[in-house]
Amino acid sequence: MEINKLVNEAQENLKDLFAYYEEIALYNQEKVLNAFKDNCVALRHFNGTTGYGYDDIGRDTLNKVFATVFNAEDAIVSPYFTTGTHTISTALYGLLRPNDTLLSVSGMPYDTLQEVILGENNGSLRDFGVKFDKVELTEDGKFDFEAIIAALKNPHSVIFIQRSRGYNWRDAFLIEDIKEVIEVIRKYSDAPIILDNCYGEFTDKIEPLDVGANLIMGSLIKNPGGGLAPTGGYIAGRKDLIEKISFRLTAPGVGTEVGSYEHGYRLFYQGLFLAPHVTLQAIKAALTFAEVFKKLGYETLPKSGQKCGDIICSVKFDTAEQLISFVQSVQQCSPIDSFVTPYPWDMPGYSHQVIMAAGTFVQGASIELSADSPIKKPYIAYIQGGLTYEHTLIALKNCLKNFRTDQSL
């Protein structure tokens, strides 16, 4: 099938879903705007500070804006969170104590968190006497409620949920999925429920804190940074939990009273303001990639006509060569380093070699168009992001052109 016709037909099939997510983006844009207005954001909040950062009104107001957006009692938003993994691990170390038990009800957490939880002689939670338990998901990637109820018969100190798929073949959890599992957990446990919200922000009108989660965590170089935040992460939720985590972020008794950032905060504020719209662009991209490759006979997630719980599209290829070619095709259409050809390589925190297309303005920003995968069976490419839908269409057509002309495929 001719490439333009294939893409046009996919877009026509997606008209209703596009309209659904456009309504969500409008709702979230107003929510973010109101958070700015309610907290009286002004030009002075963009100014940086030095040294201890006492009375840093830009930092403190940014925390308040994030808390308002996510319906939280309090929040920590910091450029000193280096990755989503760092953000989540800071929360875990802040909440857990020796002999506590962490329970994951969504299976084994993302690859880079596994060393944080189970590493040996590297300062992991295990090294500090924190125990770990998990409940695997069902074969179709859903919560196993029977197994969760059985696990909750034993006491747990913190209960963890990972919203997005990681490098697994499953859908991200929708808000209704999260609401259902939290309702089940609450019948048997009052332990804090904390949620890795990476890639899921602004994909629905409400967030996990609205349906009973106590804490959410994420990266600012994903959805909530809107493609402008240069670094950082956020943690939002119950005030007492935020205070404990703040003592891990800086020092006990100090918390968020200190922390300067000389470069200033404009990009963090502006990125959050743009985030609902940019997330919409990424969702439309994920839906279009999935619809097109489904038409070509590949298994994809989300499936045709299915809602998204995050901004990621997964495509299952037949061979490692197909997977590598696809990722390289995405890189060719990157605004940065388009001339670079990515190959699989060893990355810290991953047990398999990983190939990554990430020609982004902010290094590794997965709210910008990127694609990556561990080189292992099944050969699944994970495509995410896109600052503009138009850019993702150009990249998609390039992938299709290369698939058509590469005789090895």
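Throughout, residue positions are numbered sequentially from 1 according to the sequence presented. All values below were derived from every heavy atom in this structure, side-chain atoms included, with hydrogens, water molecules and symmetry-related copies excluded.
The main-chain N or O of Tyr199 is found under 3.5 Å from a side-chain atom of Asn223 such that the two form a donor-acceptor pair. Side-chain N or O atoms of Arg248 include none that pairs as donor or acceptor with a backbone N or O of Ala251 at under 3.5 Å. Judged by distance alone, with hydrogens and angles left aside, the side-chain atoms of Ser373 form a donor-acceptor pair with the main-chain N or O of Ile380 at under 3.5 Å. Between the side chain of Asp56 and the main chain of Gly58, a donor-acceptor pair closer than 3.5 Å is present. Checking side-chain atoms of Thr85 against main-chain N and O of Leu113 turns up no donor-acceptor pair under 3.5 Å. A donor-acceptor pair is defined here as one N or O able to donate and one able to accept, closer than 3.5 Å; such a pair exists between the side chain of Gln331 and the backbone of Ala358. No side-chain donor-acceptor contact under 3.5 Å links Asn402 to the backbone of Ser329. A donor-acceptor distance shorter than 3.5 angstrom exists from the side chain of Thr388 to the backbone of His391, with no hydrogens or angles considered. Side chain of Thr101 to main chain of Ser157: no donor-acceptor pair is present (N/O by atom type, distance under 3.5 Å, no hydrogens or angles). Checking side-chain atoms of Glu368 against main-chain N and O of Val362 turns up a donor-acceptor pair under 3.5 Å.
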From CA spacing to verdict: side chain to side chain contact (heavy atoms under 4.5 Å, CB included), Ile355, Ile375: CA-CA 7 Å; Ile355 185 169; Ile375 307 301; 3.7 Å; yes
Given the rule in the side chain to side chain contact (heavy atoms under 4.5 Å, CB included) test, do Leu387 and Gln281 qualify, once you have shown the distances and angles that lead to the verdict? CA-CA 6 Å; Leu387 297 178; Gln281 305 304 292; over 6 Å; no
For Asn63 and Thr256, what are the C-alpha separation, side-chain angles and deciding distance, and is it a side chain to side chain donor-acceptor pair (under 3.5 Å)? CA-CA 10 Å; Asn63 291 342; Thr256 55; 5.2 Å; no
Go through Asn197 and Tyr234 one step at a time and tell me if the side chain to side chain donor-acceptor pair (under 3.5 Å) criterion holds. CA-CA 10 Å; Asn197 206 30; Tyr234 77 93; 3.3 Å; yes
Asp310/Arg163 under salt bridge (charged side-chain N to carboxylate O under 4.0 Å, His left out): CA gap, chis, key distance, verdict: CA-CA 8 Å; Asp310 63 8; Arg163 184 173 184 176; over 6 Å; no
Go through the steps for Arg170 and Ser106 under the test side chain to side chain donor-acceptor pair (under 3.5 Å), then give the verdict. CA-CA 11 Å; Arg170 71 164 176 89; Ser106 51; 5.3 Å; no
How far apart are the C-alpha atoms of Val278 and Leu228, what are their side-chain angles, what is the distance that settles it, and do they pass the side chain to side chain contact (heavy atoms under 4.5 Å, CB included) test? CA-CA 10 Å; Val278 175; Leu228 287 184; over 6 Å; no
Using the ring pair (Phe, Tyr, Trp, His ring centres under 6.0 Å) rule, take Phe293 and Phe326 through it: C-alpha gap first, then chi angles, then the decisive distance, then the call. CA-CA 11 Å; Phe293 276 89; Phe326 174 84; 5.5 Å; yes
Please lay out, stage by stage, how Leu95 and Asp100 fare under the test side chain to side chain contact (heavy atoms under 4.5 Å, CB included). CA-CA 9 Å; Leu95 298 178; Asp100 280 354; over 6 Å; no
Please step through side chain to side chain donor-acceptor pair (under 3.5 Å) for the pair Thr49 and Arg59, ending with a clear verdict. CA-CA 9 Å; Thr49 56; Arg59 177 199 66 213; 5.8 Å; no
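In this structure, Phe128 and Arg97 have side chains that are not in contact, with every pair of non-hydrogen atoms separated by 4.5 Å or more. By the 4.5 Å heavy-atom criterion applied to side chains, Glu201 and Val69 are not counted as neighbours. Using a 4.5 Å cut-off on side-chain heavy atoms (C-beta onward), Pro109 and Phe160 make contact. In this structure, Ser164 and Asp196 have side chains that are not in contact, with every pair of non-hydrogen atoms separated by 4.5 Å or more. The shortest distance between side-chain heavy atoms of Thr279 and Asn28 does not fall below 4.5 Å. A heavy-atom distance below 4.5 Å is found between the side chains of Ile245 and Leu215.
Summarising the geometry, atom OG1 belonging to Thr319 is positioned 7.5 Å from atom OH belonging to Tyr379; distances are rounded to the nearest 0.5 Å. Taking CD1 of Ile178 as the reference point, atom CD1 of Ile216 lies at 9.5 Å (rounded to 0.5 Å). To the nearest 0.5 Å, atoms SG (Cys333) and CG (Leu369) are separated by 8.5 Å. Of the inter-residue distances, the one linking Lys284 atom NZ with Glu390 atom CD reads 7.5 Å to the nearest 0.5 angstrom. In this structure, Glu299 CD and Asp318 CG are separated by 9.5 Å, a value rounded to the nearest 0.5 Å.
Around CD of Gln363, the count of heavy atoms belonging to other residues, nucleotides or ligands within 6.0 Å does not exceed 12. Surrounding CD of Glu136 are more than 12 heavy atoms belonging to other residues, nucleotides or ligands, all under 6.0 Å away. Crowding of Lys376 atom NZ: a count of heavy atoms from other residues, nucleotides or ligands under 6.0 Å exceeding 12. Atom CD of Glu73 sits in a crowded spot, with more than 12 heavy atoms from other residues, nucleotides or ligands closer than 6.0 Å. Within a 6.0 Å radius of CG in Asn122, more than 12 heavy atoms belonging to other residues, nucleotides or ligands are found. When the shell of 6.0 Å around NZ of Lys179 is examined, it contains 12 or fewer heavy atoms from other residues, nucleotides or ligands.
Note: Tyr389 and Phe18 meet the aromatic proximity criterion, with ring centroids under 6.0 Å apart.
Remark: Lys31 engages no residue in a salt bridge (charged side-chain N to carboxylate O under 4.0 Å, His left out) (not counting sequence neighbours). Residues passing the side-chain contact (heavy atoms from CB on, under 4.5 Å) test with Leu174 are Glu176, Asp177, Lys307, sequence neighbours excluded.
A salt bridge links Asp240 with Arg238: the distance from a Lys NZ or Arg NE/NH1/NH2 to an Asp or Glu carboxylate oxygen falls below 4.0 Å. The pair Glu183-Arg186 fails the salt-bridge criterion, with no side-chain N (NZ, NE, NH1 or NH2) lying under 4.0 Å from an Asp/Glu carboxylate O.
Note: His86 and Phe81 have perpendicular aromatic rings, judged against thresholds of 30 and 60 degrees for the angle between ring planes. The aromatic rings of Phe46 and Tyr269 sit tilted relative to each other, their planes meeting at an angle between 30° and 60°. Ring orientation note: the planes of Tyr167 and Tyr110 are tilted relative to one another, at an angle of 30° to 60°. In this pair, Phe268 and Tyr265 present their aromatic rings tilted. The plane angle is within the 30 to 60° band.
The residue from Thr61, Thr68, Asp60 that alone fulfils the side chain to side chain donor-acceptor pair (under 3.5 Å) condition with Asn39 is Thr68.
Heavy atoms only, all atoms of each residue included: Ser89 and Val116 are closest at CB-CG1, 3.6 Å. Between Val135 and Ala151, the shortest heavy-atom distance links the atoms CG2-CB, 3.7 Å.
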